[in-house]
Amino acid sequence: MLGWRIGVGVLAVSAVAACAAPAPEKPTPPEHASCMASLPDGWRTAFDDGARTVAPAEVPLAVGPAGDVVVARDDGTVRDAALIGADGAATTVYTVADPANRDVGFAALDDKWIVVGVRHNPRGANGVLPTLVRVEVINRADHSVRTVAETSADDLRDGGATIDSVALSGDTVYWLTRDSFAGAHGTVRSFDASSGATAEVTAGSLSSLRTGAAGVLWDVVDDPGHRHAAVGVPAELPAAVADAVGEQRAGVVTDGKAYAWRGDGGLTWWSADAGTVRVTGDLPDASELWVSGPLVFGSHAPTATVVDTRSGASVEVPYQVAAVGGGMLAALKAPADKTAPLTPVIVRTEPLPPLTC
């Protein structure tokens, strides 16, 4: 009993000492003041070399984790989706059944699945808003196609139930269907591509379903004209990122290794190898962010801004970013002749020279 009492006393003293010791201060992450730079010749060459001037016309929609790109194509007769591999060759993965009235307007992919969103978008029609009417999931192993969701002909004609948006996360396809074309209330459902099981996830005044670093996101419509982003189906973030962003998880973007987010008057970047870096000062507004290694891209169509977090250098590029992933950037360049189609550009980001001021 004596030995037990002495042990408790030692533990108690140690606990008091530990409580009395001041908590170590978190190191201040290195900061770079943002500065405007010129686009290096190496970047210009890479973008020129990455331009795809092939027929039929292509629009990049998504980049997968391996850097392969899904594009929507239209040769004036056939509308389809193709997968562009590392060698630049395009392989058809989905063909639209009614190309006079429908096209491919959405895509998402990972190592196992490709999700395609088919739109009602009649060729040559004026004043018609392209509207998602069908969601398909393609198994990359055997190229089989399954329909996840479809709008009925009556709903399409009468402005009834309307597919708002689609997302892919893991083996699950999510889609949001509004009760009516003009309404805000809708329902999020899920489809397990491995098992075929369908489930209802949530319902409410929702829009813009999408996938982010923090999981499956959607916008909650608080009242007309006001909305906020919410994490509906959370994914795990690295502890350092989760601690830094707190409740603002919806704004985090990632390429799988590096993470970036806006806030506190600047841009923050983190990776497990390099830790946290801050870029402070005036940064161009962007409607959407992507990260690829140390580079953060912000889209503000018809151009985009790229920030190199190694230096804080910021450069405007004359391209509209479509998607970033797997070390690849897919973009569109507006032609000098406004009646000509946009030129798709696919660039590998890792070999690009660093940006400096």
Side-chain angles (χ1 to χ4, degrees), residues 61-62 72 79 81 94 96-98 100-109 113-123 125-138 145-212 214-235 247 249-251 287-288:
L61 297 177
R79 284 168 157 175
Y94 182 83
V96 177
D98 181 12
N101 296 296
R102 296 184 172 187
D103 68 359
V104 176
F106 170 85
L109 72 159
W113 314 101
I114 299 174
V115 177
V116 168
V118 179
R119 299 185 302 184
H120 175 70
N121 188 20
R123 186 179 277 120
N126 292 320
V128 175
L129 293 176
T131 305
L132 288 172
V133 293
R134 192 179 179 98
V135 180
E136 310 272 40
V137 60
I138 303 163
V145 180
R146 285 181 289 179
T147 301
V148 174
E150 186 169 16
T151 300
S152 70
D154 289 344
D155 282 336
L156 178 61
R157 181 188 65 243
D158 301 334
T162 303
I163 300 173
D164 176 276
S165 42
V166 188
L168 171 66
S169 180
D171 289 329
T172 305
V173 182
Y174 297 86
W175 74 100
L176 168 60
T177 302
R178 299 195 309 272
D179 296 348
S180 66
F181 179 82
H185 188 275
T187 302
V188 177
R189 295 181 175 87
S190 65
F191 175 83
D192 187 314
S194 295
S195 68
T198 300
E200 182 173 319
V201 178
T202 191
S205 293
L206 309 171
S207 67
S208 303
L209 181 72
R210 58 200 183 275
T211 304
V216 179
L217 317 175
W218 50 68
D219 288 349
V220 177
V221 183
D222 302 310
D223 55 66
H226 295 85
R227 63 185 64 196
H228 70 272
V231 180
V233 183
E247 297 298 318
R249 299 166 62 94
S287 58
E288 192 168 1

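Please read all numbers here as calculations on a predicted model, not as lab measurements. Below, each value reflects all heavy atoms present in this structure, side chains not excepted, and no hydrogens, waters or symmetry copies.
A pairwise comparison of heavy atoms in Gly186 and Leu206 identifies O-CD1, 4.4 Å as the closest pair. The two residues Leu61 and Ala107 have their closest heavy-atom pair at CB-CB, 3.9 Å. Smallest separation of non-hydrogen atoms from Leu176 and Leu209: N-CD2, 3.6 Å. Here the closest non-hydrogen pair linking Asp164 and Ser208 is OD1-N, 3.0 Å. Counting all heavy atoms, side chain and backbone alike, Ala161 lies closest to Thr177 at CB-CG2, 4.0 Å. Among all heavy-atom pairs drawn from Leu109 and Ala62, the shortest one is CD2-CB, 3.7 Å.
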Determine, stepwise, if the pair Asp155 / Phe181 fulfils side-chain contact (heavy atoms from CB on, under 4.5 Å).
CA-CA 9 Å; Asp155 282 336; Phe181 179 82; over 6 Å; no
side-chain contact (heavy atoms from CB on, under 4.5 Å) for Val118 and Val116? Distances and angles first, verdict last.
CA-CA 6 Å; Val118 179; Val116 168; 4.2 Å; yes
Could you please spell out the steps behind the salt bridge (Lys or Arg N to Asp or Glu O under 4.0 Å) verdict for Asp103 and Arg123?
CA-CA 9 Å; Asp103 68 359; Arg123 186 179 277 120; over 6 Å; no
Evaluate Thr162 against Thr151 for side-chain contact (heavy atoms from CB on, under 4.5 Å), listing each step before the verdict.
CA-CA 7 Å; Thr162 303; Thr151 300; 5.8 Å; no
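Inter-residue side-chain proximity for Leu217 and Arg249 is flagged as unmet; no heavy-atom pair is nearer than 4.5 Å. Proximity of Tyr94 to Ile114: side-chain heavy atoms (C-beta onward) are nowhere separated by under 4.5 Å.
Every side-chain contact (heavy atoms from CB on, under 4.5 Å) that Glu150 has, sequence neighbours left out, goes to Arg102, Arg134, Thr147. In this structure, Arg146 has no side-chain hydrogen bond (donor to acceptor under 3.5 Å, both in side chains) partners at least two apart in sequence or on a different chain.
In this structure, the side chain of Ser180 does not engage the main chain of Gly159 through any donor-acceptor pair within 3.5 Å. With hydrogens and angles disregarded, a donor-acceptor distance shorter than 3.5 Å links the side chain of Thr131 to the backbone of Leu129.
At most 12 heavy atoms of other shown residues, nucleotides or ligands fall within 6.0 angstrom of atom NE2 in His226.
Note that Arg189 lies outside the cation-pi zone of Phe191, set by a 6.0 Å cut-off to the ring centre and a 45° limit from the axis.
Rounded to the nearest 0.5 Å, atoms CG (Asp179) and OG (Ser205) are 9.0 Å apart. One distance of note links CH2 of Trp175 with OG1 of Thr198; it measures 5.0 Å at 0.5 Å rounding. Here Ile163 contributes atom CD1 and His120 contributes atom NE2; the two are 13.0 Å apart, rounded to the nearest 0.5 Å. The CZ atom of Arg210 sits 13.5 Å away from atom OG of Ser169, with the distance rounded to the nearest 0.5 Å.
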